[in-house]
*Asks:* 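Below are the structure tokens for one structure; questions will follow.
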Amino acid sequence: QVQLVESGGGLVQVGGSLRLSCTVSGRTFSVYDMGWFRQGPGKERECVASIHWTGTVTYYADSVKGRFTISRDNAEKTVYLQMNSLKPEDTAVYYCAGGGSGPDKSRYNDWGQGIQVTVSS
């Protein structure tokens, strides 16, 4: 059974930084494409970033380019989302997802439970 567990969320002030982590168990992580999604209040779930199993970044949303960085450590079976220069509009529940690539959430097979990120002004 595949499990994705997010950590690192919380409350941060505008302009601050957070690093989200997602650790995967139950499958071979080293050949598993991953992505980060978010869902703000009253909004659709949207893709923030995705990364190929080789480490090649395959997608960033325009709203986060230059501020967020997706990366992975295959030895640790973990994907990261470094979030800098955070804005109130980044407030959302963030989800990691596996088995897909790019912004289409229907391509992903597995999902974490989600973690709250709140940016206060």
Side-chain angles (χ1 to χ4, degrees):
Q1 181 180 355
V2 181
Q3 286 193 313
L4 287 69
V5 179
E6 301 100 339
S7 61
L11 176 65
V12 64
Q13 291 188 329
V14 169
S17 298
L18 282 175
R19 188 177 79 157
L20 303 182
S21 301
C22 173
T23 301
V24 178
S25 61
R27 68 151 293 144
T28 304
F29 182 77
S30 59
V31 291
Y32 192 49
D33 298 342
M34 298 291 299
W36 283 100
F37 287 73
R38 68 185 181 186
Q39 188 166 13
K43 297 182 180 179
E44 294 287 323
R45 190 173 299 190
E46 63 173 352
C47 186
V48 174
S50 65
I51 187 166
H52 191 256
W53 63 268
T54 58
T56 299
V57 177
T58 51
Y59 178 79
Y60 281 118
D62 287 343
S63 58
V64 307
K65 283 180 182 175
R67 301 189 298 122
F68 289 13
T69 303
I70 188 171
S71 62
R72 63 189 294 153
D73 184 333
N74 286 349
E76 295 295 325
K77 299 183 179 181
T78 300
V79 62
Y80 302 99
L81 186 68
Q82 178 67 44
M83 305 186 293
N84 298 329
S85 303
L86 283 161
K87 305 175 181 181
E89 52 264 44
D90 295 317
T91 295
V93 177
Y94 283 72
Y95 300 87
C96 69
S101 182
D104 185 352
K105 59 182 177 289
S106 69
R107 293 178 174 267
Y108 293 80
N109 300 318
D110 305 304
W111 292 85
Q113 80 283 358
I115 192 163
Q116 179 69 45
V117 171
T118 302
V119 184
S120 66
S121 56

*Asks:* Arg45: which residues meet the side-chain contact (heavy atoms from CB on, under 4.5 Å) condition with it, sequence neighbours left out?
*Replies:*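 Testing Arg45 for side-chain contact (heavy atoms from CB on, under 4.5 Å), a comparison that skips the adjacent residues, returns Phe37, Gln39, Tyr95, Lys105, Trp111.
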
*Asks:* Suppose we screen for side-chain contact (heavy atoms from CB on, under 4.5 Å). Which residues come up paired with Ser63, at least two apart in sequence or across chains?
*Replies:* Arg38, Ala61

*Asks:* Between side-chain atoms of residues 48-60 and protein atoms elsewhere (two or more places apart, or another chain), which donor-acceptor pairs fall under 3.5 Å?
*Replies:*
| unit_1 | atom_1 | unit_2 | atom_2 | d |
| --- | --- | --- | --- | --- |
| Ser50 | OG | Thr58 | OG1 | 2.5 |
| Ser50 | OG | Gly102 | N | 3.1 |
| His52 | ND1 | Thr54 | N | 3.2 |
| His52 | ND1 | Thr54 | OG1 | 2.8 |
| Thr54 | OG1 | Thr56 | OG1 | 3.3 |
| Thr58 | OG1 | Ser50 | O | 3.2 |
| Thr58 | OG1 | Ser101 | OG | 3.3 |
| Tyr60 | OH | Ile70 | N | 2.9 |

*Asks:* State, without any angle test, whether Thr91 and Glu89 hold a side-chain donor-acceptor pair at a distance under 3.5 Å.
*Replies:*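 Distance-only check fails for Thr91 and Glu89.
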
*Asks:* Taking atom CZ of Arg67 as the centre, report whether more than 12 heavy atoms of other residues, nucleotides or ligands fall under 6.0 Å from it.
*Replies:* yes

*Asks:* Could you tell me if the side chain of Met83 sits less than 4.5 Å from the side chain of Tyr94, heavy atoms only?
*Replies:* yes

*Asks:* Check for me, please, whether Tyr108 and Val93 land in the same ILVMFWY cluster - side-chain distances under 4.5 Å, paths through other members count.
*Replies:*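 The answer is yes; both residues are in one hydrophobic cluster.
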
*Asks:* Just jot down the side chain to side chain donor-acceptor pair (under 3.5 Å) partners of Lys65, sequence neighbours excluded, or say none.
*Replies:*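 Here the qualifying residues are Asp62.
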
*Asks:* Could you tell me which non-hydrogen atom of Pro88 sits nearest to which non-hydrogen atom of Ser121, and how far apart they are?
*Replies:* CG-CB, 4.2 Å

*Asks:* Side-chain contact, heavy-atom cut-off 4.5 Å: Phe68 with Gln82?
*Replies:*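 When only atoms from C-beta onward are counted, Gln82 and Phe68 do not touch, as no gap falls below 4.5 Å.
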
*Asks:* Under the rule for side-chain contact (heavy atoms from CB on, under 4.5 Å), what residues qualify as partners of Asn74, not counting sequence neighbours?
*Replies:* Phe29, Ser30, Arg72

*Asks:* Donor-acceptor pairs under 3.5 Å, side chain of residues 10-25 to any protein atom, not counting sequence neighbours: which ones?
*Replies:*
| unit_1 | atom_1 | unit_2 | atom_2 | d |
| --- | --- | --- | --- | --- |
| Ser17 | OG | Asn84 | OD1 | 2.9 |
| Thr23 | OG1 | Thr78 | OG1 | 3.2 |

*Asks:* Are Tyr80 and Val117 connected in a single hydrophobic cluster, I mean Ile/Leu/Val/Met/Phe/Trp/Tyr linked by side-chain heavy atoms less than 4.5 Å apart?
*Replies:*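 Cluster IDs for Val117 and Tyr80 differ.
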
*Asks:* Run the side chain to side chain contact (heavy atoms under 4.5 Å, CB included) check on Leu4 and Tyr32 step by step: do they pass?
*Replies:* CA-CA 12 Å; Leu4 287 69; Tyr32 192 49; 4.1 Å; yes

*Asks:* How far does CG of Asn109 sit from CZ of Arg27, to the nearest 0.5 angstrom?
*Replies:* 8.5 Å

